[in-house]
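Presented below is the structure to which this report refers.
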Number of protein chains: 2
Amino acid sequence: MDGQKTGIDITLEVVCGKWKGLILWKLLHENHMRFNELRRAIDGNISSRILARELKKLVDDGLVARIDYETVPPRVEYQVTPYGKTTASFLTNMNNWGMEHKRQSATKREMADLINREK
Amino acid sequence: MDGQKTGIDITLEVVCGKWKGLILWKLLHENHMRFNELRRAIDGNISSRILARELKKLVDDGLVARIDYETVPPRVEYQVTPYGKTTASFLTNMNNWGMEHKRQSATKREMADLINREK
DNA sequence: CGGCATCCCGTCCGATACTG
DNA sequence: CAGTATCGGACGGGATGCCG
């Protein structure tokens with residue numbers, strides 16, 4: 001029974017949450033960014049606290065490298081590791097799907113919200 | 001600056017969390033399953049409460065259809081909608097990546113756990 | 001069989017303020 | 001500039017038990 005092994009859970013562990021996928025995606029296209037540069041590059045207003053935390057997770061997972069120049073004022077750069085670059089394959093697909101279905105998702109979510117409000 | 005629009009956030013809204021992607025993936029390969037059948041098909045021991053909740057989200061998002069035969073005892077079947085089937089594109093890629101990197105992810109996580117214990 | 005009710009905990013996400 | 005401290009709310013996930 002079953003027999004269908006999946007790697008989906010593994011992948012979700014890596015990109016799940018509101019930000020990690022987005023951060024990875026941005027870094028993949030720039031190959032090295034400073035903290036606030038990255039912060040500004042992300043559309044949805046991410047706070048520095050959240051960005052710091054999510055970046056740390058990505059570093060812990062070996063997807064992103066953190067380079068601290070140890071200067072004053074501080075200068076830290078982030079870039080995707082070779083391992084992290086392998087995520088580009090599915091991130092590209094996720095991005096394409098999201099772009100194609102942006103409209104539909106929005107309206108469906110509005111409907112769901114309306115139903116929830118009625119309760 | 002920026003200019004890079006992303007659909008990644010949209011996609012993450014749909015499959016994020018520990019289970020939704022997995023449920024969708026299972027349903028995509030069976031095209032109609034009953035509640036407990038689906039429950040048993042999922043490896044990681046999902047509770048009925050969680051499965052019910054996650055399925056409801058997928059139904060609300062229009063990715064899964066719920067067919068209630070209104071019989072006693074109850075018989076409910078779930079199947080992926082045409083819209084839901086469009087997720088197969090990126091889910092396949094996510095699955096492939098996860099399968100390829102299962103080992104690495106495991107060891108990296110163990111290391112992270114060790115570091116956390118030391119604190 | 002296919003759920004829902006209750007309780008609980010840990011994580012996620014966020015605003016604000018502050019620091020070396 | 002690159003974060004950390006603090007506080008708090010929302011959500012995800014799980015154990016247990018009950019119901020039509």
Side-chain angles (χ1 to χ4, degrees), chain A residues 8-9 12-24 26-27 30 32-61 64-79 109 112-113 116-117 119, chain B residues 1 8-9 12-24 26-27 32-61 64-79 109 112-113 116-117 119:
Chain A
I8 294 206
D9 48 346
L12 281 175
E13 281 180 15
V14 168
V15 294
C16 199
K18 188 171 174 181
W19 300 113
K20 276 161 72 184
L22 219 47
I23 294 168
L24 217 42
K26 291 289 181 186
L27 284 176
E30 302 289 341
H32 68 85
M33 291 179 91
R34 300 183 59 171
F35 186 86
N36 279 318
E37 183 186 6
L38 178 56
R39 191 153 114 81
R40 282 186 299 269
I42 293 177
D43 340 351
N45 282 7
I46 187 172
S47 71
S48 62
R49 169 163 140 55
I50 302 298
L51 179 56
R53 190 184 56 191
E54 300 303 313
L55 274 171
K56 191 170 287 182
K57 289 181 204 162
L58 290 170
V59 171
D60 286 348
D61 281 351
V64 168
R66 183 195 135 109
I67 302 131
D68 191 339
Y69 290 88
E70 298 187 356
T71 59
V72 179
R75 172 189 177 87
V76 180
E77 286 187 356
Y78 292 90
Q79 64 180 37
R109 302 221 146 254
D113 284 348
N116 286 330
R117 307 247 166 138
K119 288 176 186 172
Chain B
M1 334 301 111
I8 294 208
D9 48 346
L12 281 176
E13 281 179 16
V14 168
V15 294
C16 199
K18 188 172 174 180
W19 299 114
K20 277 161 74 183
L22 220 46
I23 294 168
L24 217 42
K26 291 289 180 186
L27 284 176
H32 70 85
M33 292 179 91
R34 299 182 60 172
F35 186 86
N36 279 319
E37 183 186 6
L38 178 57
R39 191 153 114 80
R40 282 186 298 269
I42 292 177
D43 342 348
N45 283 6
I46 187 172
S47 72
S48 63
R49 169 167 135 56
I50 302 297
L51 179 55
R53 190 183 58 189
E54 300 304 313
L55 274 171
K56 189 170 286 183
K57 289 181 202 164
L58 290 170
V59 171
D60 286 348
D61 282 350
V64 169
R66 185 195 134 107
I67 303 128
D68 190 339
Y69 290 88
E70 298 187 356
T71 58
V72 179
R75 172 190 176 87
V76 181
E77 285 187 357
Y78 293 90
Q79 64 180 37
R109 300 217 151 258
D113 284 349
N116 285 331
R117 307 239 168 145
K119 288 176 187 170

> In whole angstroms, how far is the C1' atom of C:dG2 from the CD1 atom of B:I67?
Replying inline: 15 Å
> For the atom pair CZ (B:R40) and CE (B:M33), what is the distance rounded to the nearest 0.5 Å?
Replying inline: 8.5 Å
> What's the spacing between B:K26 NZ and B:R39 CZ if we round to 0.5 Å?
Replying inline: 14.5 Å
>> At 4.0 Å (heavy atoms only), tell me whether B:Y69 reaches a base, stays on the sugar-phosphate, or touches nothing.
In response: nothing
> Can you list the residues that meet the salt bridge (Lys or Arg N to Asp or Glu O under 4.0 Å) rule with A:K56, with sequence neighbours excluded?
Replying inline: none
>> It should be established whether A:K18 places a side-chain nitrogen or oxygen under 4.0 Å from OP1 or OP2 of nucleotide D:dC11.
In response: no
> So does B:Y78 get a side-chain nitrogen or oxygen closer than 4.0 Å to the phosphate oxygens (OP1/OP2) of C:dG3?
Replying inline: yes
> Atom CD1 of A:I46 and atom P of C:dT16: how far apart are they, to the nearest Å?
Replying inline: 16 Å
> Partners of A:R75 by salt bridge (Lys or Arg N to Asp or Glu O under 4.0 Å), sequence neighbours excluded?
Replying inline: A:E77
>> What is the distance, to the nearest angstrom, from the NZ atom on B:K56 to the C1' atom on C:dA5?
In response: 12 Å
>> Rounded to whole Å, how long is the line connecting atom CG of A:N36 with atom C1' of D:dT4?
In response: 14 Å
>> Side chain of A:V76, heavy atoms from C-beta onward: which of C:dC1, D:dA2, C:dC4 has the nearest atom to it?
In response: D:dA2
>> Please determine whether a side-chain nitrogen or oxygen atom of A:W19 lies at a distance below 4.0 Å from atom OP1 or OP2 of C:dT11.
In response: no
>> Please tell me if A:K57 has a side-chain N or O lying less than 4.0 Å from either OP1 or OP2 of C:dT11.
In response: no
> Once you round it to whole Å, what is the distance between P of C:dC4 and CZ of B:R39?
Replying inline: 14 Å
>> Mind checking if A:R66 touches a base, just sugar-phosphate, or nothing, with heavy atoms under 4.0 Å?
In response: sugar-phosphate
> Expressed in angstrom and rounded to an integer, what is the separation of B:L38 atom CG from C:dC1 atom C1'?
Replying inline: 14 Å
> So how far is it from B:E37 CD to B:H32 NE2, rounded to the nearest 0.5 Å?
Replying inline: 7.5 Å
> What pairs with A:R66 under salt bridge (Lys or Arg N to Asp or Glu O under 4.0 Å), at least two apart in sequence or on another chain?
Replying inline: A:D68
> Going from CD1 on A:I23 to CG on A:L58, what distance comes out if it is rounded to the nearest 0.5 angstrom?
Replying inline: 5.5 Å
> Phosphate oxygens OP1/OP2 of D:dC1: is one of them under 4.0 Å from a side-chain N or O of A:R34?
Replying inline: no
> Are B:I50 and B:W19 close enough that some pair of their side-chain heavy atoms sits under 4.5 Å apart?
Replying inline: yes
>> Just the rounded figure in Å: distance from P of C:dC13 to CD of B:E13.
In response: 12 Å
> For residues 48-55 of chain A, which residues have at least one heavy atom under 4.0 Å from DNA chain D?
Replying inline: A:S48, A:R49, A:A52
>> What's the angle between the local helix axes at either end of the helix from C:dC1-D:dG20 to C:dG20-D:dC1, using five pairs per end and rounding to 10 degrees?
In response: 50°
> Rounded to the nearest Å, what distance is computed from the CG atom of residue B:L12 to the P atom of nucleotide D:dC11?
Replying inline: 17 Å
> salt bridge (Lys or Arg N to Asp or Glu O under 4.0 Å) with B:K18: which residues, sequence neighbours excluded?
Replying inline: none
> Do B:K20 and B:V14 come close enough that some side-chain heavy atom pair is under 4.5 Å?
Replying inline: no
> Under 4.0 Å between a side-chain N or O of A:K20 and OP1 or OP2 of C:dC12?
Replying inline: no
